[in-house]
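Single-structure report; data block below.
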Protein chains: 2
Amino acid sequence: MYIQIEPESDIPIYSQVSTQVMEGIIRGELAAGEVLPSVRGLASDLGVNMHTINKSYHDLEAKGVITIVPKSGAVISVAPLKGASKEQTDLLSEKLRPTVVEAMVSGMNDDEIHALVDSIMRNVREMK
Amino acid sequence: MYIQIEPESDIPIYSQVSTQVMEGIIRGELAAGEVLPSVRGLASDLGVNMHTINKSYHDLEAKGVITIVPKSGAVISVAPLKGASKEQTDLLSEKLRPTVVEAMVSGMNDDEIHALVDSIMRNVREMK
DNA sequence: CATTCTGTTCTACTACTATTATAACAAAAC
DNA sequence: GTTTTGTTATAATAGTAGTAGAACAGAATG
């Protein structure tokens, strides 16, 4: 499991970390019950502050992806997630909308937008 | 053309305004050459500060969606946008990735994610 | 021509977010 | 017993979002 960040990106560091942990799970590199590095350890590896990683782990816990065990560490949640609830879907839709709209107004047609989404999903699954 | 905002949303107000202008264009409610309300007028209508609308208009201009004519107003760009450049596509992909990843790890399969994107596109086109 | 309206610039402020640093606690783990 | 863990606390900086008010130059309108 190899996490790296792009400090210059507009996307906050903690969010990048969260996304990469989730990608590791999607690719099967991280399985239920597996332990994530400590907040101190990962922070040191990435050259960022412990609180930044802590924020990412709490973000992931809020999403149900991991479980934080105080004084012990963070583990991948036991149950594979089984699909998004209505609330989650609505939130995801709200997050996606501005970017989808931007793609549409830029002149991309439906197939092109779907292809873009497909390429993201493929890249996530295949990335080493 | 009817713009409204949700002040409580996590999405910044200026971004909401930008998105809605783009949606109006997608739906054909706004056409090339048409004039947008003045920053003062729209700010007053929405109950927000003029600078907030100014930021949105500049955001839209940076995207090539509108042209701001100093001392005159903002107009929808003349040329319909003809598809996204490689740079734009990469930026859009970067923006979409975290949310697509979140959808994937939540257990949504490819078809469900495509359906979500479809529903957004449909909703944008049909909304009054 | 006078007035109004326009985007713009300027100054100032508040609140929040992201990130950083350091110290320390309690308790699990080794 | 020592180390490691997440956590809490305090403090700070920088940037973002949004606000307010004033004022400028020039276009647009009546």
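Here is the naming used below: chain letters follow the sequence lines, and residue numbers restart at 1 for every chain. Keep in mind that the numbers below use all heavy atoms, side chains included, and drop hydrogens, waters and symmetry copies.
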*Taking atom C1' of D/dT7 as reference, at what distance in whole Å does atom CD of A/E61 sit?*
12 Å
*Between D/dT5 and A/S38, is there an OP1 or OP2 to side-chain N/O distance shorter than 4.0 Å?*
yes
*What's the CG-C1' distance between B/N54 and D/dT19, to the nearest Å?*
14 Å
_In whole Å, I'd like the distance from the NZ atom of A/K71 to the P atom of C/dC30._
16 Å
*Whole angstrom is fine here: how far is it from CE in A/M50 over to P in D/dT5?*
11 Å
*Could you state the atom-to-atom distance from OH of A/Y57 to P of C/dT19 in whole Å?*
15 Å
*Considering only heavy atoms, which members of residues 6-24 of chain A lie under 4.0 Å from some atom of DNA chain C?*
A/P12, A/I13, A/Y14
*State, yes or no, whether a side-chain contact exists between A/M104 and B/M121 at a heavy-atom distance under 4.5 Å.*
yes
*asked:* I want to verify a distance call: between C/dT8, D/dT19, C/dT20, whose nearest atom is closest to the B/V48 side chain?
replied: D/dT19
_If the cut-off is 4.0 Å, is A/H58 near the phosphate of D/dG6, judged by side-chain N/O to OP1 or OP2?_
no
*Considering all heavy atoms of both residues, which atom of A/T19 and which atom of B/P98 are nearest to each other, and what is their separation?*
OG1-CB, 3.5 Å
_Using the side chain to side chain contact (heavy atoms under 4.5 Å, CB included) criterion, which residues pair with B/H51? Sequence neighbours excluded._
B/N49
*Does the base of D/dG21 carry an N or O that pairs as donor and acceptor with the side chain of B/H51 under 3.5 Å?*
yes
*Starting at the 5' end of DNA chain D, which residue's closest nucleotide do you reach first, B/R40 or B/K55?*
B/K55
*Side-chain N or O of A/T52 less than 4.0 angstrom from OP1 or OP2 on C/dT20?*
yes
*asked:* I want to check one thing: is the phosphate of C/dA21, taken as OP1 and OP2, less than 4.0 Å away from some side-chain N or O of A/N49?
replied: yes
*Taking all heavy atoms of A/L46 and all of A/Q4, pick out the closest pair and write down the distance.*
CD2-CA, 4.1 Å
*asked:* Between B/K95 and A/E102, does any side-chain N to carboxylate O distance fall below 4.0 Å?
replied: yes
